[in-house]
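What follows is a short report on a single structure.
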Amino acid sequence: MKRLGTILLVSLLAATAFATNGTRIVGFNAKTIGRGGTTIGLFDSPMLMMTNPAGISFLSGSSIDANFSLMVPSLKFTNILNSEVEGKTNYFPMPGLAYAHQSPDAPLAWGVGVFTQGGMGADFSLKHQLFPTAQDYHSKLAVMQGGPSIAYKLTPQLSIGVSAHLVYSQLEFKMPYSLQPSIMQGIPNGVPAGMTFGALFSAPPAMGGFGYSEVTALADMSDLTGFSFGGKIGMAYNLNDDLSIGVSYTLPTSVTYKGGKASMDMTAQMNDAFGRAMQGYMAANPSATQQQAQAAVMAQFGGMGIDMTKGVVAAYDLNVTLKFPQSIGAGFSWKLAPQFRISAEAEWINWASAFDNMTLSMSNGNNVNINRMLGNSGSFEILFPMQWKDSYNVRFGGEYDLSRMFTVRAGYSYGSNPVPQETIFPVFPAIVENHLMAGASVNIAGPLSVHVAYEMALNKKQTAAAASQIAQEYNGSTSELGENLFHISLSWMLH
């Protein structure tokens, strides 16, 4: 068992889950996913520690549940320079392991587990107007958590429970990253008082500027890891053998990713600005050669305090702050016949108070040219806009016992898309809404059961706003996402 736990922990640290409902997966084992992910009001799995910890009071005994899921997303992106470019086919493993201890004669039940909570990730190779070749667009957000849960029966039918989990997360980004020129607060030498580099870059050529509405750097952010604590509170009411009801609340969590590294390469942006300056000089001096124009512009940049021989590539230390949302859910299970059960639940996820902005804190920047243009000593902060909306989720499922050995399941889940048109972009496309599921269980021998499930997130297409808050390259662009997920679980009843 100790070796199995070590293997699972290593797998968790390497896993990256893709988004299904926002950045959260629908369910945590094949048994519950086969019936639409319903588990808040149906008390038959140790994975209740991730949905409604009070429910472990009503398990039929102590048990171990091991789950492995494989997610295969399908992505496409279209904008003015890229026509239906397909994202790289990635395979995301999502393991989980849980143990619940329950005795019918004791009011206290407890459990411990580790779970893949969710995340997202994407890889594209896309054209950008500033660069001569296609660039890598990459993201990875992985969120895992684990720890103890306890539940206590207040009465034979009513239980309350709590989970206290350690949250671990990884974050990466790599792509062209655009900002408003106003971020460049440095003052060039030899310009009118009060004019910043940002004003110079944004001013029209007729006024001596470069005419940019945004400035772009190749950004690479990696090695970001963060720890935090999360919690869940639940209530479970087992009215009788036919009807059960559950309610759960997930606390909000704030994660600060520390120890990251970031690089900012403005070479392409500065080359373009240099070219525009040469064109302006040659237009004003028709008899000048290219060599004369180049020398004159080099002198102009030098006069402003920019030494082009030192380049415009900087390395930074990076910390990032990101919040994960609170949520409230309620569900029920109803046995319509001895062999047939249905279940349903609804959940509200408060993305609007969590994914509003992502805070990027850069420090120890080592390029004097970039520091001078930004007007700092190598430390500054950026708010990356997300502006997600609250999501509303409903899940339905049914299961039928064909015999004491075989059970079949089917389910459906809908989660409203939390990503607004203003901030949708290809490597953060958490937009799918409709999920169809089917599954089955086989009782192999005595206490051992095997559960399998297939989940299909139907393809969702979303067109960005005409004026994207992320970058102009996403204006009116289209992102598409669909997913196939395969799940297998092993359950072992200990008594």
Side-chain angles (χ1 to χ4, degrees), residues 1-9 11-12 24-25 27-33 37-69 94-118 143-154 156-168 229-238 244-251 253 327 329 331 333 345 441 447-449 451 487 489-495:
M1 180 62 68
K2 182 177 180 181
R3 185 176 182 183
L4 176 60
T6 301
I7 293 172
L8 179 63
L9 180 60
S11 299
L12 279 171
R24 294 168 49 163
I25 59 177
F28 298 94
N29 67 0
K31 185 176 183 179
T32 58
I33 289 170
T38 56
T39 183
I40 295 176
L42 209 170
F43 317 132
D44 63 351
S45 167
M47 296 297 174
L48 281 157
M49 288 182 278
M50 280 296 291
T51 56
N52 182 5
I56 63 175
S57 288
F58 300 108
L59 296 176
S60 56
S62 298
S63 61
I64 296 173
D65 194 297
N67 184 72
F68 180 81
S69 299
M94 299 182 296
L97 180 65
Y99 167 73
H101 180 84
Q102 195 275 344
S103 173
D105 300 325
L108 182 68
W110 60 272
V112 63
V114 286
F115 312 91
T116 302
Q117 179 183 337
V143 186
M144 289 75 70
Q145 69 181 69
S149 300
I150 58 172
Y152 187 83
K153 283 185 179 178
L154 300 175
Q157 288 80 36
L158 178 65
S159 176
I160 58 173
V162 61
S163 294
H165 288 171
L166 177 68
V167 178
Y168 171 80
F229 291 94
K232 297 178 185 295
I233 302 170
M235 183 276 291
Y237 186 64
N238 202 26
S244 58
I245 301 169
V247 178
S248 68
Y249 170 68
T250 299
L251 280 70
T253 303
S327 63
S333 172
E345 59 192 43
S441 293
L448 179 62
S449 298
H451 317 281
H487 310 270
S489 299
L490 299 177
S491 297
W492 186 275
M493 294 297 300
L494 299 179
H495 66 76

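All values derive from a computational prediction rather than experimental measurement.
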Once side-chain hydrogen bond (donor to acceptor under 3.5 Å, both in side chains) is applied, what residue pairs with a partner in residues 51-60 remain, sequence neighbours excluded?
Ser57-Ser159
Nearest heavy-atom pair of Val167 and Gly230: which atoms, and what distance?
CG2-N, 3.8 Å
Rounded distance [0.5 Å steps], CE in Met50 versus CZ in Arg24:
8.0 Å
Can you tell if the side chain of Ser441 reaches within under 4.5 Å of the side chain of Ser449, non-hydrogen atoms only?
no
Answer yes or no: is there a side-chain heavy-atom contact under 4.5 Å between Leu48 and Thr32?
no
Results of side-chain contact (heavy atoms from CB on, under 4.5 Å) for Pro148 - residues two or more places apart only:
none
Going by the rule side chain to side chain donor-acceptor pair (under 3.5 Å), which residues pair with Ser163 if we only count those two or more places apart in sequence or in a different chain?
Ser149
Output all residues satisfying side chain to side chain donor-acceptor pair (under 3.5 Å) with Thr253, sequence neighbours left out; order by chain, then residue number.
none
Please identify each residue that fulfils side-chain contact (heavy atoms from CB on, under 4.5 Å) with Phe229, with sequence neighbours left out.
Leu166
For the atom pair CD1 (Ile160) and CD1 (Ile233), what is the distance rounded to the nearest 0.5 Å?
9.5 Å
Donor-acceptor contact below 3.5 Å, side chain Thr116 vs main chain Pro95
yes
Between Ala54 and Ala236, what is the shortest heavy-atom contact and its length?
CB-N, 3.6 Å
Contact between Val114 and Met144 at the side-chain level, heavy atoms closer than 4.5 Å - yes or no?
no
Do the side chain of Ser62 and the main chain of Gln102 share a donor and acceptor less than 3.5 angstrom apart?
yes
Going by the salt bridge (Lys or Arg N to Asp or Glu O under 4.0 Å) test, which pairs reach into residues 37-58, not counting sequence neighbours?
Lys31-Asp44, Arg35-Asp44
Tyr237: ring-ring contact (aromatic ring centres under 6.0 Å, His included) partners, not counting sequence neighbours:
none
For the atom pair NZ (Lys153) and CG (Leu108), what is the distance rounded to the nearest 0.5 Å?
11.0 Å
Test of understanding: with side-chain contact (heavy atoms from CB on, under 4.5 Å), list the residues that count as partners of Ser103, not counting sequence neighbours.
Asp105, Ala106
Quick check: does any side chain N or O of Gln145 sit under 3.5 Å from a backbone N or O of His165, one acting as donor and the other as acceptor?
no
Suppose we screen for side chain to side chain donor-acceptor pair (under 3.5 Å). Which residues come up paired with Tyr249, at least two apart in sequence or across chains?
Gln326
Approximate separation, where rounding is to 0.5 Å, of Met47 CE and Thr39 OG1:
10.0 Å
Heavy atoms only: give me the nearest Met49-Phe115 pair and the separation to one decimal.
CB-CZ, 4.1 Å
Are Phe28 and Met94 side-chain neighbours, meaning at least one heavy-atom pair lies under 4.5 Å?
no
Quick one: does any side-chain atom of Thr250 pair with a main-chain N or O of Lys232 as donor and acceptor, under 3.5 Å?
no
Quick check for you: to the nearest 0.5 Å, what is the distance between Leu448 atom CG and Leu490 atom CG?
6.0 Å
Do Phe43 and Ser244 make a side-chain contact, defined as non-hydrogen atoms from C-beta onward lying under 4.5 Å apart?
yes
With sequence neighbours left out, the residues meeting side chain to side chain donor-acceptor pair (under 3.5 Å) with His487 are Ser69, Glu455
Residues at least two apart in sequence or cross-chain that pass side-chain contact (heavy atoms from CB on, under 4.5 Å) with Ser489, listed by chain then number, are Asn29, Ala30, Asp65, Asn67, His451
May I ask you to test the Val162-Ile150 pair for a side-chain heavy-atom distance under 4.5 Å?
yes
